[in-house]
Chemist: 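Here it is, the structure, as structure tokens.
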Amino acid sequence: MDYRRTYIRDLFDLPPGNPATAYGWVKTRRDSKGVSFVQIADGSCFKDLQVVIEAGTIPEETLKRITTGASVRFDGDIVESPGEGQETEFKAHSVEVYGEADPAHYPLQKKGASFEFLREIAHLRARGNTFGAVFRVRSRCAYAIHKFFIDRGFHNIHTPIITASDCEGAGAMFAVTTLLDAQGHGPEAKAALRAMEFSEDFFGKPAYLTVSGQLDAETLALGMTNVYTFGPTFRAENSGTSRHLAEFWMIEPEMAFCSLEGNMNLAEEFLKEVIQDLLDNCSADLEFFNQRIEPDLLSTLHHVVNSGFERMTYTEAVDRLAKSGEPFEFPVFWGSDLQSEHERWLTEIDVGRPVILTDYPKDIKAFYMRQNEDGKTVRAMDVLAPRIGEIIGGSQREERYDVLEKRIVEMGLPLEAYWWYLDLRRFGSVPHSGFGLGFERMLMYVTGMKNIRDVIPFHRTPGSAEF
RNA sequence: UGCCGCAUAGCUCAGUCGGUAGAGCAGCUGACUGUUAAUCAGCGGGUCGUAGGUUCGAGUCCUACUGCGGCAGCCA
């Protein structure tokens, strides 16, 4: 057995008469008097292979072991299919059953199960139509993202996952420590841990899992011009929503000599090109999502690819919201952060496609965003998408040493922790921009899946770290 | 973390006014010369999330807890 072989995806391209071998897991078996049909899948494509077993070809005892969930290899020939639903099918001469799956206990059935139930058996759900499709699209999407950046001269950089700087400012952080090991895991260890000095810990100071690679990415951009990271990110927020994970994957490009306009152009090109790649290379999977998950998916994706994103300032958005006449639960006024209901109205009702909002009030945005001349707003941008809300958040960074230093102090942040970040502004500073894109949010958008836990193989959320 | 909802067979659900439990699918047995979520007949399958309470009697009403989901906040 070698990994180099013909996958089920390739068997559909073989002409009738071709001898072939098929490996996979059984989806379902249908028996008739003189013939049995077995659908098998190997994850290589959306379609199942129909294997036909004529009575007497294989022993009755062996046939009985070919049940839903079993892993098998069939040897036989590709033949023309007299039935409807497929051009060719696989006529089996012999079979090997590698692993049986007791039908009385195998939890997946032919009929669909709820996503909530499938989350509890996440180790088996990749065998079903939906999650096979999700994870194929996830794989292709990651590839398309790397391709997009590499094609444009970006360098893929790897920023640290463990960080000792408590200054990324993007949310609650997970601590990383070896003190627990030193103290054992008993109840007395907790008390001892509290008394410990972090100077005795592994890194000699408090360390955390990263909440963003941006600050490190900026350092590489100011030397390599265009860079991006694509890696795991951790937020310890106690969020229980359909669009938050404690562990997720984030794409963060950072560009030197680039203004907010260039940043917006990149974000728009990015979404369009990656979606086009998926339309070209995952059509069967997307067709399935369009049929069974989100009826307007394909028309929405084509629309995104073919039309410009609406761009407007925060100030204009607030104006439009105020004049909308909608009975919002939360009032809209200049200086307030936009609520989900406001973002939804803008993207879904007012504009009907992705919207890029820019120039937010500085007090609701991070310290590193470049201040505008009006003294009130910063060069921030949020890309809002219908159905899922904020998909991209980015900004032009503050490149002026004095302004940045003043802002750090104003916001009560520890100046000394930012020595290297400020150094970038002392030596060869340059206007630069970047954004962060949640990979799983993007996947929700392109698959139509409604819960972020269903676009990652094994989700980490508050109270949940199974598998 | 707040608000709302849900928890009954392996899965998806029904269960009326409080009177000791039902369907479809899956499973098992059999039938059927080519099925496509195959079809047909029969069979087995339940501590009604947990713990209390009200009541002659609780799947049903009340309280708490746990789990899950939705919305909001935090954000990507």
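It should be emphasised that the depicted structure is a prediction, and the values quoted were computed from it without experimental measurement. Lettering follows sequence order; numbering is per chain, from 1.
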Chemist: Would A:Lys365 and A:Asp382 count as a salt bridge (Lys or Arg N to Asp or Glu O under 4.0 Å) here? Give the steps.
Modeler: CA-CA 11 Å; A:Lys365 288 293 180 183; A:Asp382 281 0; 3.2 Å; yes

Chemist: Nearest to the side chain of A:Ser340 - B:G73, B:C75, B:U36?
Modeler: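 Shortest atom-to-atom distance from the side chain points to B:G73.
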
Chemist: Looking at B:C32, B:U36, B:C71, which one has an atom nearest to any side-chain atom of A:Arg344?
Modeler: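 Ranking B:C32, B:U36, B:C71 by closest atom to the A:Arg344 side chain puts B:C71 first.
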
Chemist: Taking the minimum atom-to-atom distance to the side chain of A:Ser239, which one of B:G34, B:G69, B:G73 wins?
Modeler: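 Nearest listed nucleotide: B:G73.
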
Chemist: How far does the C1' atom of B:G45 sit from the matching atom of B:G57, given to the nearest Å?
Modeler: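 It works out to 27 Å between them.
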
Chemist: Name the nucleic acid region contacted by A:Leu245, choosing base, sugar-phosphate or nothing; use a 4.0 angstrom heavy-atom cut-off, strictly under.
Modeler: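 Base: the residue A:Leu245, judged by heavy atoms under 4.0 Å, touches a nucleobase.
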
Chemist: What does A:Gly389 touch in the nucleic acid at a heavy-atom separation under 4.0 angstrom: a base, only the sugar-phosphate, or nothing?
Modeler: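 No contact.
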
Chemist: Roughly how many Å apart are B:C32 and B:A23, using the C1' atom of each and rounding to a whole number?
Modeler: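 Result for the C1' pair: 26 Å, nearest Å.
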
Chemist: Does the structure show a Watson-Crick or G-U wobble partner for B:U63, both distances under 3.5 Å? Name it, or say none.
Modeler: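 Its partner is B:A51.
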
Chemist: Side chain of A:Ser242, heavy atoms from C-beta onward: which of B:G73, B:G27, B:C71 has the nearest atom to it?
Modeler: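 The closest nucleotide is B:C71.
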
Chemist: Heavy atoms from C-beta onward define the side chain here; which of B:C32, B:U35, B:C75 lies closest to that of A:Phe37?
Modeler: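 Taking heavy atoms from C-beta onward, the closest nucleotide is B:U35.
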
Chemist: Suppose you measure atom P in B:C6 against the same atom in B:C40; what distance do you get, rounded to whole Å?
Modeler: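 That atom pair is separated by 35 Å.
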
Chemist: Can you tell me, in whole Å, how much space there is between the C1' of B:A21 and that of B:C48?
Modeler: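 It works out to 9 Å between them.
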
Chemist: What nucleic acid atoms does A:Leu108 come within less than 4.0 Å of, heavy atoms only: base, sugar-phosphate, or nothing?
Modeler: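 Touches nothing.
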
Chemist: Looking across every strand, which nucleic acid part, if any, lies under 4.0 Å from A:Glu329 by heavy atom: base, sugar-phosphate, or nothing?
Modeler: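 Result for A:Glu329 = nothing.
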
Chemist: Expressed as a whole number of Å, how far does the P atom of B:A38 sit from that of B:C3?
Modeler: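 These two P atoms come out 46 Å apart once rounded.
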
Chemist: Between B:G30 and B:U20, how far is it from one P atom to the other, in whole Å?
Modeler: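 Comparing P positions in B:G30 and B:U20 gives a spacing of 37 Å.
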
Chemist: Mind checking if A:Glu89 touches a base, just sugar-phosphate, or nothing, with heavy atoms under 4.0 Å?
Modeler: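 Answer is base: heavy atoms of A:Glu89 come under 4.0 Å of a base.
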
Chemist: Categorize A:Phe248 for me: base, sugar-phosphate, or nothing, with a 4.0 angstrom heavy-atom threshold over every strand shown.
Modeler: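 The answer is base, as A:Phe248 lies within the cut-off (heavy atoms under 4.0 Å) of a base atom.
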
Chemist: Reckon A:Gly83 touches a base, only the sugar-phosphate, or nothing at all at heavy-atom distances under 4.0 Å?
Modeler: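 If one applies the 4.0 Å heavy-atom cut-off, A:Gly83 turns out to touch a base.
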
Chemist: Taking the side chain as C-beta and beyond, is there a heavy-atom pair between A:Leu260 and A:Met381 under 4.5 Å?
Modeler: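 A:Leu260 reaches A:Met381 side chain to side chain.
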
Chemist: Check every atom of B:G70, B:U33, B:C75 against the side chain of A:Arg453 and return the nucleotide holding the closest atom.
Modeler: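 When the side chain of A:Arg453 is considered, B:G70 is the closest of B:G70, B:U33, B:C75.
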
Chemist: Does a side-chain heavy-atom distance below 4.5 Å link A:Arg407 with A:Gln371?
Modeler: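 Result yes, sub-4.5 Å side-chain heavy-atom pair found.
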
Chemist: Distance between the C1' atoms of B:U29 and B:C65, in whole angstroms?
Modeler: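 Roughly 44 Å separates the two C1' atoms.
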
Chemist: Could you check which of B:G73, B:G69, B:U36 has an atom nearest any side-chain atom of A:Gln339?
Modeler: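 Of all the options, the side chain of A:Gln339 is nearest to B:G73.
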
Chemist: Please work out if A:Arg119 contacts a base, only the sugar-phosphate, or nothing of the nucleic acid, heavy-atom cut-off 4.0 Å.
Modeler: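 Contact class for A:Arg119: sugar-phosphate only.
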
Chemist: Taking the side chain of A:Glu84 as heavy atoms from C-beta outward, which of B:U36, B:G69, B:G27 is closest to it?
Modeler: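 The closest nucleotide is B:U36.
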
Chemist: Using side-chain contact (heavy atoms from CB on, under 4.5 Å), reason through A:Ile78 and A:Phe90 one step at a time and then give a plain yes or no.
Modeler: CA-CA 5 Å; A:Ile78 301 294; A:Phe90 188 102; 4.0 Å; yes

Chemist: May I ask which nucleotide in the shown strands pairs with B:C40, Watson-Crick or G-U wobble, both distances under 3.5 Å?
Modeler: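 B:C40 is paired with B:G30.
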
Chemist: Give a yes or no on whether the ring-centroid distance for A:Phe230 and A:His146 is below 6.0 angstrom.
Modeler: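 Between A:His146 and A:Phe230, which both carry aromatic rings, the centre distance is below 6.0 Å.
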
Chemist: OP1 or OP2 of B:A38 less than 4.0 angstrom from a side-chain nitrogen or oxygen of A:Arg30, does that happen here?
Modeler: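 Indeed, a polar side-chain atom of A:Arg30 lies that close.
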
Chemist: Are A:Phe135 and A:Arg125 packed together at the side-chain level, in the sense that at least one heavy-atom pair is separated by less than 4.5 angstrom?
Modeler: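 The answer is yes; the side chains approach within 4.5 Å.
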
Chemist: Scan every strand shown for a Watson-Crick or G-U wobble partner of B:U35, both distances under 3.5 Å, and answer none if you come up empty.
Modeler: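 The base-pairing partner of B:U35, which may sit in any strand shown, does not exist here.
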
Chemist: At 4.0 Å (heavy atoms only), tell me whether A:Thr241 reaches a base, stays on the sugar-phosphate, or touches nothing.
Modeler: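 The residue A:Thr241 makes base contact.
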
Chemist: Under 4.0 Å, counting only non-hydrogen atoms across every strand here, what does A:Asp48 touch: a base, just sugar-phosphate, or nothing?
Modeler: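 It contacts nothing in the nucleic acid.
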
Chemist: Under 4.0 angstrom, heavy atoms only, what part of the nucleic acid is A:Glu120 near: base, sugar-phosphate, or nothing?
Modeler: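 The answer is nothing, as A:Glu120 stays clear of every strand by at least 4.0 Å.
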
Chemist: Ring centres under 6.0 Å, that's the criterion: do A:Phe149 and A:Phe270 meet it?
Modeler: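 For A:Phe149 and A:Phe270, the ring centres are under 6.0 Å apart.
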
Chemist: Among B:G34, B:C74, B:G70, which is the nearest nucleotide to the side chain of A:Ser81?
Modeler: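 So the nucleotide nearest the side chain must be B:G34.
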
Chemist: When rounded to the nearest Å, what value does the distance between C1' atoms of B:A37 and B:G73 take?
Modeler: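 Going atom to atom, C1' in each nucleotide, I get 42 Å.
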
Chemist: Partner of B:U1 by Watson-Crick or G-U wobble geometry, both contacts under 3.5 Å, or none?
Modeler: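 Per the H-bond distance test, B:A72.
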
Chemist: Taking the minimum atom-to-atom distance to the side chain of A:Pro103, which one of B:U1, B:G73, B:G27 wins?
Modeler: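 Nucleotide nearest to A:Pro103's side chain: B:G27.
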
Chemist: Find the partner of B:C56: check Watson-Crick (N1-N3 plus N6-O4 or O6-N4) and G-U wobble (N1-O2, O6-N3) distances, both under 3.5 Å, and reply none if neither fits.
Modeler: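 Answer to the pairing question: B:G19, which forms a Watson-Crick or G-U pair with B:C56.
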
